[in-house]
Amino acid sequence: MAVNPSLPQFGAPVLPRIGGPLAEFSMQLAVSPLVLVVLTMLVGIFVAAMTVMLVYHWRRFPFEHDVFRRAERIYMVGVVLLLAVAVVGIFLTA
């Protein structure tokens, strides 16, 4: 496979060395930034759809109103933080 010098090159992640039958195993994965952005957008769309369904369910059928309000806030903060880490990770590898 020819390397295009105009595209940014990323260092491949390497698994740490471990003992046993996998001692010589390493994995290298080179992915273009465009692919990472598209995958992150697809995951974001999926998470947004699941969030809409969960929030609808939590608001429509709450067992304990206060508990589900707290759960909704915790879920939203967690989702935003995880997606932010994913987006920042794309730009840190560039």
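The heavy-atom pair separating Leu36 from Thr40 by the smallest distance is O-OG1, 2.7 Å.
In the hydrophobic clustering of ILVMFWY residues, with side-chain heavy atoms under 4.5 Å counting as a link, Val80 and Val47 come out apart. Val35 and Ile90 fall within the same hydrophobic cluster, defined by Ile, Leu, Val, Met, Phe, Trp and Tyr side-chain heavy atoms under 4.5 Å apart, directly or through other members. Residue Phe46 is grouped with residue Met53 when hydrophobic side chains (ILVMFWY) are merged at heavy-atom distances under 4.5 angstrom, including chains of intermediate members. In this structure, Leu42 is not a member of the same hydrophobic cluster as Leu83, with clusters built from ILVMFWY side-chain heavy atoms closer than 4.5 Å.
Separation of atoms CZ (Arg59) and CZ (Arg69) is listed at 5.0 Å; rounding is to 0.5 Å. Here the straight-line distance linking atom CE of Met50 with atom OH of Tyr75 works out to 7.0 Å at 0.5 Å rounding. Met76 CE to Thr51 OG1: the interatomic distance, rounded to the nearest 0.5 Å, is 5.5 Å. If you take CZ on Phe68 and NE2 on His57, they are separated by 6.0 Å, rounding to the nearest 0.5 Å.
Using the six-membered ring where Trp is involved, Tyr56 and Phe61 have ring planes that are perpendicular, over 60° apart on the 30 and 60° scheme.
The side chain to side chain contact (heavy atoms under 4.5 Å, CB included) test with Met41 is passed by exactly one of Leu39, Val37, Val43: Val37.
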